[in-house]
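We're numbering straight along the sequence, starting at 1. Counting convention: from 1, in listed order, for ligands and their atoms alike.
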Amino acid sequence: MRRMRLFMVGFLLASVAASAATEVAPLAAAPGAYLFRNVRIWDGRSDAPYAGEVLIVGNRIQSLSHAGIAPAPGLHPVAIDGGGRVLTPGFIDAHVHMSSVLTRQEAQEADPVYVAALEIRGAEQALLRGFTTQRDVAGAVFGLKRAIDAGYVVGPRIYAAGAALSQTAGHGDDRHYIDPPRRLGGGLTLEERTGMTTIADGVPEVLAAARDQMGHGAAMLKVMASGGAASEFDPIEVLEYTPEELRAAVEVAASFGTYVTVHSYNSASTRRAIEAGVRCIEHGHLVDEPTMRLIAERGIFLSTNVVVYEVPPPGISETQRAKFLQVRAATDAMMNLAKKYHVKLGFGTDLVFGLEQMARQSREFTLRARWFSPVEILRQATSGNAELLAMSGRRNPYPGKLGVIEEGAYADILLINGEPLQDITLLEHPDVALALIMKDGRIYKNQLSSAGAAH
Ligand SMILES: [Zn+2]
């Protein structure tokens with residue numbers, strides 16, 4: 001089944017490649033040299049933007065200046081007049097599932113080529129929302145990443161965990177009550193067949209499953225360490241995996257030069273994971289104050305999300321829906337604690353089960369305004385998330401600087417209509433708010449006229 005799917009995806013990508021000249025090229029002009037003039041540069045870290053110019057050569061930012069830039073002799077960059085707009089780094093989403101393009105019911109019967117086509121569409125839509133990099137923390141997206149990096153299709157850079165490790169009856173076990181267990185001859189679950197999760201119990205299976213993901217090219221490992229909302233068997237308070245099993249995953253990640261991140265909502269699961277050497281917590285909504293202090297003291301990243309709980313996703317059971325509401329109710333307390341202890345906070349969305357759900361991605365900016373200033377939110381979505389991505393160490397697929405406007409950084413750049421540092425909510429409507437989107441030195445959207453019309 002898996003092999004069949006990979007074959008079909010390969011076939012689809014080959015078809016796309018054959019027509020690349022007509023479909024992809026107009027959307028993404030080849031990288032060359034560009035000089036952004038008349039822009040206000042927000043560099044991903046500072047409190048305020050400054051007027052200046054930015055020179056792009058190839059896929060990197062070559063130079064920045066408060067005054068004018070004189071390109072080297074022989075270099076003739078295309079000048080882009082930003083009309084005084086704010087220029088920012090491309091956005092980074094730290095928690096996505098790019099292969100979750102259907103509900104579980106729909107996925108049971110879906111044609112693999114249809115699924116792959118939706119994944120490609122979803123990747124393009126994310127890029128056009130200004131997300132030039134995404135961290136995929138469960139899903140079979142290695143092929144999608146490869147096709148995007150090769151330029152056959154359009155989408156963000158992807159940091160992929162591959163299949164998330166789950167214990168039996170854990171957050172990644174999507175069997176039905178009627179299915180026999182593995183040890184009595186039960187087959188793979190839907191999520192295992194589609195590469196979303198892999199069930200592993202005991203140290204030897206965890207070691208093998210972790211090595212499988214590394215073999216596929218994972219940038220980090222994702223392990224399910226507590227109960228979750230979109231699963232049936234595990235209340236949020238449950239601890240998943242023993243300390244020995246967690247340490248086994250950490251050992252595999254460390255030997256490949258990267259780290260483990262865990263799905264973890266409650267205090268006990270979060271403490272157990274941190275003691276086992278895990279360096280990032282996904283979600284964390286129900287952690288108590290001592291645990292939040294521990295997260296801060298150990299320099300652990302908290303990669304959390306708000307928007308996914310605003311409206312529980314379609315196709316879930318009453319049990320799952322109740323857990324979504326439980327997590328939503330805990331969000332305010334978590335954010336206040338994270339703020340109090342200056343925790344390194346990731347900006348993620350976790351939208352699953354369809355492109356309509358993923359379309360709410362940019363609403364995360366608006367929802368965070370309840371706790372954070374615009375510049376704090378923008379830092380989370382750029383330089384802050386980039387620090388998390390860099391934890392992939394030797395497994396980092398894009399080892400240059402991301403999330404900042406600095407000399408030598410990757411040329412992932414947005415030009416924004418309006419004042420995002422005054423009103424973050426305008427980013428909720430990227431079709432209106434984003435005047436220009438550049439990724440890796442290529443322009444994917446440009447609303448500016450050649451004269452660079454002012455807004
Ligand atoms: Zn998730």
> Can a salt bridge be assigned to the pair Arg175 and Glu232 using a cut-off of 4.0 Å between side-chain N and carboxylate O?
Replying inline: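 Between Glu232 and Arg175 there is no salt bridge, as every charged N stays at least 4.0 Å from the carboxylate O atoms.
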> How close do Ala123 and Pro156 get, heavy atom to heavy atom, and via which atoms?
Replying inline: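 Result for this residue pair: O-CD, 3.3 Å.
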> Going from CG on Leu402 to OG on Ser383, what distance comes out if it is rounded to the nearest 0.5 angstrom?
Replying inline: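 Rounded to the nearest 0.5 Å, the CG-OG separation comes out at 11.5 Å.
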>> Taking side-chain hydrogen bond (donor to acceptor under 3.5 Å, both in side chains) as the definition, give me every residue that meets it alongside Glu205, ordered by chain and number, with sequence neighbours left out.
In response: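 Testing Glu205 for side-chain hydrogen bond (donor to acceptor under 3.5 Å, both in side chains), a comparison that skips the adjacent residues, returns Arg182.
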>> So, applying side chain to side chain contact (heavy atoms under 4.5 Å, CB included) with Leu87, which one of Leu436, Leu414, Leu415, Asp43 is it?
In response: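 Exactly one pass, corresponding to Leu415.
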> Pick one: which of Asn385, Leu389, Ile92, Ile158 meets side chain to side chain contact (heavy atoms under 4.5 Å, CB included) with Arg135?
Replying inline: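 When Asn385, Leu389, Ile92, Ile158 are each tested with Arg135, the side chain to side chain contact (heavy atoms under 4.5 Å, CB included) holds only for Leu389.
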> What is the number of protein N/O/S atoms located under 2.8 Å from the Zn ion (ligand 1)?
Replying inline: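 Atoms of protein N, O or S type lying less than 2.8 Å from the Zn ion (ligand 1) total 3.
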